[in-house]
There are 2 protein chains.
Amino acid sequence: MLLNRRGVELTVEERGLLEGAITEVREFEPRKTIVEAGERVSISTILIDGILCRYIDDRKGLRQLVSVHVPGEFVDIHAYPMRHLDHGVGTLTAASVAIVPHEALKQILDPRPELARKLWFSTLIGAAMHRAWLFRVGRLDAVGRVAHFVCEMGVRMAGAGLSDGKAFHLPLTQSDLAEICGLTTVHVNRVIRQLREAGLCIFRPPFVEILDAAALARRGDFDPSYLYVDGP
Amino acid sequence: MLLNRRGVELTVEERGLLEGAITEVREFEPRKTIVEAGERVSISTILIDGILCRYIDDRKGLRQLVSVHVPGEFVDIHAYPMRHLDHGVGTLTAASVAIVPHEALKQILDPRPELARKLWFSTLIGAAMHRAWLFRVGRLDAVGRVAHFVCEMGVRMAGAGLSDGKAFHLPLTQSDLAEICGLTTVHVNRVIRQLREAGLCIFRPPFVEILDAAALARRGDFDPSYLYVDGP
DNA sequence: CGAACGTTTGAGATGACTCAAGCGTTGTGG
DNA sequence: CCACAACGCTTGAGTCATCTCAAACGTTCG
């Protein structure tokens, strides 16, 4: 179940190499900081279970999430050539995380340009998601933003084998959604009600049910091609 | 002057290799589409002169810019392992662009993991900028967004040798700023006035003058570390 | 039982948007 | 050389989406 990120097809050998580089599996409680913004990091991680997020805080402590991670994703490869982070990383739910030291990664990747390119591509999907998130908060209204996010999570959860396409586990609070969508918690609450009353989707924590996927995608101006579900 | 992206130190040999792979230099008029969203691309480009942007349009044609490029940047390397684009690319001003075919890039990078890692890192700076842009449109008010963007461009233009730190050429219209900051053109106009009246910066098209860099950065909650001015 | 947390609802304030018009500059064609 | 179209900038008035502040409710957990 490791390393299932869409668009990246690893060979059995490559997968074995990467999984063999895991030195440790660490467990985190919900809402814990894993890496502070600005820290130097010397490890990459594979998310085994739970939901992680990356975030940027303003001077007053208001937080903007810039991405979330679902199980199976290689989380910090982008930190491999990067070394110090421009954002924080934390858990939203309890999470279990496999650790891969950068040094081991270097040993594996240097003689394998093809594998390095696959991992590079995997970081580029992350960048494509950033762009979609920018579109979401820059151009959509409140209802559209939440609708767009639910659509994205639906597709990603299905890709991780965690959704049948109709309903899935989404253990986020309304404040989390607010920090994702650039809204206030109170307003997210009202938006959720509108989505329910419009028959688009229903939040029944910790689950979401999509009632009308086509209408939801239309409301959120959602086009899944940035997720590269069918490969590059 | 090519390939000056901050945080990426290329050796003379590496620089020569990449510049030797240029097959053509193309000129574009202002406000022209270079690549449509969804197109397959088989080239990367180095921006020699002018300003490029990437954008995502909604169904009604409203546009969100997701990045801008200044001269010296390797623009489309991320498209190298990607092949089809989740966004459009176009000119804001007249621009001249050097073309590097992906095939040539592959020949150069496959035997040079160190260089590949540098270019990889360069795409990661792009991702870090996306995150900063997300913070900008998700958490800042209108004045803060424009202030933040001016700060970013100040630093990047200085990095490209195109600013003395006080004033620089920024040939963008107020509509461009609106599409960058997730605002309307009319409101950008009022924001610009507020910035002027507050003594933070003055727009005198096509130039911006920063009057009080510290106050501007504070107003825009701007922290330049994501630009990796001093390397990874 | 009470504290902590997430959710829900209401009332009022406000930042940003919409629509509309006017102004200045540039470029073009009669 | 003037007239006018095109474009970007500026300003005003009114509207609306979202925020702020405040309070209450239901669970869960100790």
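Quick caveat: nothing in here was measured; it's all calculated off a predicted structure. A note on names: the letters A, B, ... follow the listed sequences, proteins ahead of strands, and every chain is numbered from 1.
Taking the six-membered ring where tryptophan is involved, the planes of A:Phe222 and A:His148 are perpendicular, since the angle between them exceeds 60° and thus also 30°. Aromatic ring pairs are classed by plane angle as parallel below 30°, tilted from 30° to 60° and perpendicular above 60°; the pair B:Tyr228 and B:Phe121 is perpendicular.
A straight line from CZ of B:Arg31 to P of D:dA6 spans 17 Å, rounded to a whole angstrom. Atom C1' of nucleotide C:dT7 and atom CD1 of A:Ile202 are separated by 16 Å, given to the nearest angstrom. Atom CG in A:Leu195 sits about 13 Å away from atom P in C:dT8, given to the nearest Å. In this structure, A:Leu172 places its CG atom 18 Å from P of C:dC5, rounding to the nearest Å. Rounded to whole Å, the distance from CG on A:Leu62 to C1' on D:dC19 is 12 Å.
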Determine whether A:Ile46 and A:Glu73 satisfy the following criterion, side chain to side chain contact (heavy atoms under 4.5 Å, CB included), listing intermediate values before the conclusion.
CA-CA 6 Å; A:Ile46 300 168; A:Glu73 293 183 352; over 6 Å; no

Starting from the C-alpha separation in whole Å, work towards a yes-or-no answer on side chain to side chain contact (heavy atoms under 4.5 Å, CB included) for B:Ile56 and A:Leu134.
CA-CA 9 Å; B:Ile56 298 176; A:Leu134 260 165; over 6 Å; no

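Proximity of a side-chain donor or acceptor of A:Asp223 to a complementary backbone N or O of A:Tyr226 within less than 3.5 Å is not detected.
A side chain to side chain contact (heavy atoms under 4.5 Å, CB included) with A:Val89 is found for exactly one of A:Glu39, A:Arg54, A:His69, namely A:Arg54.
For residues 141-154 of chain B, proximity to DNA chain C is found at B:Asp141, B:Ala142, defined as any non-hydrogen atom under 4.0 angstrom from a strand atom. Of the residues in residues 178-194 of chain A, those placing a heavy atom less than 4.0 Å from an atom of DNA chain C are A:Val186, A:Asn189, A:Arg190, A:Arg193, in numerical order.
Side-chain contact between A:Val66 and A:Trp133 is absent, with no heavy atoms from C-beta onward closer than 4.5 Å.
When the shell of 6.0 Å around CD of B:Glu29 is examined, it contains 12 or fewer heavy atoms from other residues, nucleotides or ligands.
At D:dC7, none of the side-chain N or O atoms of B:Gln174 fall inside 4.0 Å of OP1 or OP2 (strictly under the cut-off).
Residue whose closest nucleotide on DNA chain C sits further toward the 5' end, between A:Pro205 and A:Arg139: A:Pro205.
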